[in-house]
Amino acid sequence: MSSIKIYNTLTRKKEEFVPLEAGKVKMYVCGPTVYNFIHIGNARPPIVFDVVRRYFSYRGYEVTYVQNFTDVDDKIIKKAEESGMGVEEVANMFIAAFEEDVRALGVKKADVHPKVTEHIPEIIAFIEDLIAKGHAYVASGDVYFRTASFAEYGKLSYQNIEELQAGARIEVSDKKENPLDFVLWKGAKPGEICWESPWGKGRPGWHIECSAMSMKYLGETFDIHGGGHDLIFPHHENEIAQTESLTGHPMAKYWMHNGYINIENEKMSKSLGNVILVKKLRENYPARVIRFFMLGAHYRNPINFSDALLRQAANALERIDTAVRNLKHHLDSAVDEAATEEEKQRVDSFRQRFIEEMDNDFNTADAITVLFDMVREVNQMMAANVLRKEIGAAYLALFAELGDVLGITFGEAEQNMSGPSDEEINTLIEERAQARKVRNFARADEIRNRLQEMGIIIEDTPQGTRWHRK
RNA sequence: GGAGGCAUAGCCAAGUGGUAAGGCACAGGUCUGCAAAACCUUUAUCCCCGGUUCGAAUCCGGGUGCCUCCUCCA
């Protein structure tokens with residue numbers, strides 16, 4: 001079997017994936033800072049890396065997936081002050097909100113979701129080690145990383161230090177030896193949430209948490225580190241500096257970064273007022289449509305977002321859903337006959353193509369194309385009435401199998417709780433059938449319209465009328 | 001100023017050397033009481049100009065336009 005290729009930000013090349021430990025994948029993905037509800041852009045990494053993780057599992061790897069929660073930082077503290085809530089309260093509230101949004105989007109929980117506030121001792125120990133090795137220094141209650149002590153600084157973002165310094169718009173601080181140095185430990189302002197440390201009361205800087213927590217759960221070197229592409233610099237660059245100056249070997253073998261989601265070709269930002277919250281969007285679209293929409297483009301490319309585009313995705317997904325529903329329906333009356341070898345191979349060829357596309361740096365867009373090709377295949381067979389039971393069931397199973405890799409279940413509309421009961425629907429359909437029998441089409445259409453208003457779509461087939469919820 | 005990305009049909013989007021996948025929308029046809037679904041058919045010289053090559057959407061050079069990072073940011 002072929003191997004998985006990953007585009008590695010570190011080398012700027014697509015590389016064959018070779019795990020550090022045979023059969024195992026250890027991955028760390030930067031999680032949210034929990035100070036607000038997530039917007040659609042925040043949802044991309046969880047979805048993208050959920051697919052990566054699912055695909056590795058599908059390919060037989062044992063995956064350990066870690067995604068952190070940044071549950072203490074400036075923005076959370078600010079939110080807490082504004083709302084009168086405690087920092088922990090704010091964090092917990094938005095962790096819960098994140099989990100709900102992301103679960104709806106079909107994202108499985110990571111194996112570990114470490115929180116910064118629960119790893120203060122590890123972080124302090126990490127910083128102490130850095131100081132001991134001369135990679136960090138204390139400056140009146142703060143601790144800074146000494147970037148000059150790490151010769152490879154800039155290797156991930158392909159920046160050279162001189163250029164960075166020249167273009168530095170970083171806040172000038174007399175506490176820093178160098179403008180590029182970044183804070184590892186922040187001394188607390190009076191009244192602020194804080195922890196005791198060898199350098200006085202304070203809290204961790206932003207980057208150090210990922211270094212400390214990834215090391216704790218995945219070891220000094222792990223396979224994959226992921227996140228949004230904006231994290232390349234400075235966040236991931238700084239993580240590398242911290243971890244590698246301490247351990248002397250690579251932090252992660254493959255660095256993966258997903259592209260942005262833009263609105264009208266522009267970055268989503270509060271100042272532009274174009275932020276779209278997942279929570280809000282879910283009121284208008286099934287979460288699976290949002291997920292399908294995201295997987296329609298390659299993860300490294302930017303995606304433009306709009307209502308029209310989401311509707312387009314919904315229609316596309318509907319084609320697969322319809323085919324799978326029709327397939328299930330067809331199987332009820334299909335000829336109970338075994339599949340030929342050739343037919344079985346044909347089914348497997350779709351599976352192989354899907355794997356080939358996914359192997360190519362998780363090209364979900366092309367993988368979805370394979371599903372559409374399956375749709376056509378199955379539809380043609382049904383139209384020609386040559387789809388017998390065993391082969392039909394094989395296709396149905398493959399839709400489920402590949403859908404599971406993408407995290408989307410096909411053919412099942414999300415349950416609408418407020419809709420009419422099955423019994424009501426069947427009664428109306430029966431009534432319509434009677435009307436049609438006596439060629440009272442006015443009455444039949446009236447019933448069809450009524451059902452449609454209730455969100456029920458009906459279709460007349462040679463095997464009788466069937467329906468589904470819109 | 002430095003680093004990088006993108007430009008493919010009305011829209012979305014793959015394809016990184018062998019002659020343009022797929023989806024949405026639209027139109028025509030078949031089927032249907034009418035629909036729906038489905039099937040069939042039609043729809044692109046791949047931003048521009050040079051170059052390399054037997055052959056380029058794909059590689060190289062030069063433009064043009066858009067986006068991102070270098071500051072918290074997925």
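Predicted, not measured: the structure shown is a model, and the values here were computed from it. Naming convention: chains lettered A, B, ... in sequence-line order (proteins, then strands); numbering from 1 in each chain. Just the heavy atoms: all of them, side chains too, but no hydrogens, waters or symmetry mates, feed the values below.
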Pairwise C1' distance for B:A27 and B:G18, with rounding to whole Å: 34 Å
State whether A:Y35 and A:K75 meet the cation-pi test: NZ (Lys) or CZ (Arg) under 6.0 Å from the six-membered ring centroid, and within 45° of the perpendicular axis. yes
C1' atom, B:C24 versus B:C69: distance in rounded Å? 33 Å
Which whole-number value in Å describes the distance from A:L180 CG to B:U71 C1'? 12 Å
For B:C49 versus B:A36, give the span between their P atoms, rounded off to a whole number of Å. 44 Å
Considering only side-chain heavy atoms of A:D445, which listed nucleotide, B:C73, B:A14, B:G33, is closest? B:G33
Runs of at least three consecutive Watson-Crick or G-U pairs, both distances under 3.5 Å, are what I'm after; which ones involve RNA chain B? B:1-7 with B:64-70, B:10-12 with B:22-24, B:27-30 with B:38-41, B:47-51 with B:59-63
Shorter than 3.5 Å, N or O on both sides, protein versus nucleotides 17-19 of chain B: list them out with atom names.
none

Could you tell me whether A:I261 contacts a base, only the sugar-phosphate backbone, or nothing, with contacts defined as non-hydrogen atoms closer than 4.0 Å? base
Tell me whether the NZ or CZ atom of A:R319 lies within the 45° cone about the ring axis of A:F372 and under 6.0 Å from its centre. no
Check every strand shown and say whether A:Y158 touches a base, only sugar-phosphate, or nothing at a heavy-atom separation below 4.0 Å. sugar-phosphate
I need the CG-P distance between A:D321 and B:G23, as an integer number of Å. 15 Å
Let's test your reading of the model: under 3.5 Å, does the base of B:A36 pair with the side chain of A:R448 as donor and acceptor? no
What do you reckon, do A:F441 and the base of B:G33 stack, with centroid distance below 5.5 Å and planes below 30°? yes
For the base of B:C73, is there a side-chain donor-acceptor partner from A:K267 under 3.5 Å away? yes
Could you tell me the separation between the CD atom of A:E446 and the C1' atom of B:C34, rounded to a whole number of Å? 15 Å
Contact class for A:H257 (heavy atom, under 4.0 Å): base, sugar-phosphate, or nothing? nothing
Is a side-chain donor or acceptor of A:R44 paired with a backbone partner of A:I261 at a separation under 3.5 angstrom? no
Mind calculating the distance between CG (A:N360) and P (B:G22) to the nearest angstrom? 18 Å
Is the gap between the ring centers of A:F182 and A:H207 under 6.0 Å? yes
When rounded to whole Å, the NE2 to P distance for the pair A:H298 and B:G5 reads 14 Å
Using atom CG of A:D373 as one end and atom C1' of B:A21 as the other, report the distance to the nearest whole Å. 8 Å
Within the supplied structure, the quantity of interest is the number of heavy atoms (other residues, nucleotides, ligands) at a distance under 6.0 Å from A:R12 CZ; does it exceed 12? yes
Looking at A:E377, I'd like to know if its CD atom is crowded, meaning that more than 12 non-hydrogen atoms belonging to other residues, nucleotides or ligands lie closer than 6.0 Å. yes
Flag the pair A:F293 / A:Y285 as yes when their ring centroid distance falls below 6.0 Å, and as no otherwise. no
Distance below 4.0 Å between A:W206 side-chain N/O and B:C73 OP1 or OP2: yes
Classify the ring geometry between A:Y28 and A:F222 as parallel (under 30°), tilted (30 to 60°) or perpendicular (over 60°). tilted
Hey, do the aromatic rings of A:F233 and A:H236 have their centres closer than 6.0 Å? no
Answer yes or no: does a side-chain N or O of A:N258 lie under 4.0 Å from OP1 or OP2 of B:A74? no
Could you state the CG-P distance from A:N449 to B:A35, rounded to the nearest angstrom? 14 Å
From the list A:F362, A:Y254, A:F49, ring-ring contact (aromatic ring centres under 6.0 Å, His included) with A:F56 holds only for A:F362
Using a cut-off of strictly less than 4.0 Å between a heavy atom of the residue and any atom of RNA chain B, enumerate the qualifying residues of residues 303-310 of chain A by number. A:L309
Whole-Å C1' distance, B:A20 and B:A35: 36 Å
Is the shortest side-chain N/O distance from A:N301 to OP1 or OP2 of B:A14 below 4.0 Å? yes
With nearest nucleotides of RNA chain B determined for A:R432 and A:F293 from heavy-atom distances, which residue corresponds to the more 5′ nucleotide? A:F293
Which part of the nucleic acid, if any, lies within reach of A:N379 when heavy atoms closer than 4.0 Å are counted: base, sugar-phosphate only, or nothing? sugar-phosphate
Residue-phosphate contact under 4.0 Å: A:R319 side-chain N/O, B:C39 OP1/OP2: yes
Winner on side-chain proximity to A:D460, out of B:C34, B:C40, B:C72, is B:C34
Does A:R436 contact B:G33 through a side-chain donor or acceptor facing the base, at a distance under 3.5 Å? yes
Is any NZ, NE, NH1 or NH2 atom of the basic residue among A:D142 and A:K186 found under 4.0 Å from an Asp or Glu carboxylate oxygen of the other? no
Students often get this wrong, so: under 4.0 angstrom with heavy atoms, is A:N315 touching a base, only sugar-phosphate, or nothing? sugar-phosphate
Any idea which of B:C12, B:C69, B:G15 is nearest the A:F233 side chain? B:C69
Can you tell me how far C1' in B:G2 sits from the matching atom in B:U58, rounded to whole Å? 29 Å
Find which nucleotide of RNA chain B each of A:G259 and A:N160 is nearest to by heavy atoms, and output the residue with the more 5' nucleotide. A:N160
Establish, for the pair A:K279 and A:F37, whether the NZ or CZ atom is under 6.0 angstrom from the six-membered ring centre and no further than 45 degrees off its axis. yes
Euclidean distance for P, B:C67 against B:C72 (whole angstrom): 23 Å
With a non-hydrogen cut-off below 4.0 angstrom, is A:G41 in contact with a base, only sugar-phosphate, or nothing? base
Less than 4.0 angstrom from a charged side-chain N to a carboxylate O is my criterion; do A:R282 and A:E100 meet it? yes
Per the atom types in the model, does the base of B:C39 pair as donor or acceptor with the side chain of A:Q380 at under 3.5 Å? no
To the side chain of A:N262, which of B:A74, B:C67, B:A13 is closest? B:C67
C1' atoms of B:U43 and B:G10, separation to the nearest Å: 10 Å
Phosphate-side-chain proximity, A:N363 and B:G15, N/O vs OP1/OP2 below 4.0 Å: yes
Whole Å only: how far is the CD1 atom of A:I458 from the P atom of B:A36? 13 Å
Spacing of the C1' atoms in B:A14 and B:C46 (rounded, Å): 12 Å
Is the terminal nitrogen or CZ of A:R436 (NZ for Lys, CZ for Arg) located under 6.0 angstrom from the six-membered ring centre of A:F441 and within 45° of that ring's axis? no
Does atom CZ (A:R450) have a neighbourhood of more than 12 heavy atoms from anything else shown, all under 6.0 Å? no
Are the charged groups of A:E15 and A:K5 less than 4.0 angstrom apart, N to O? no
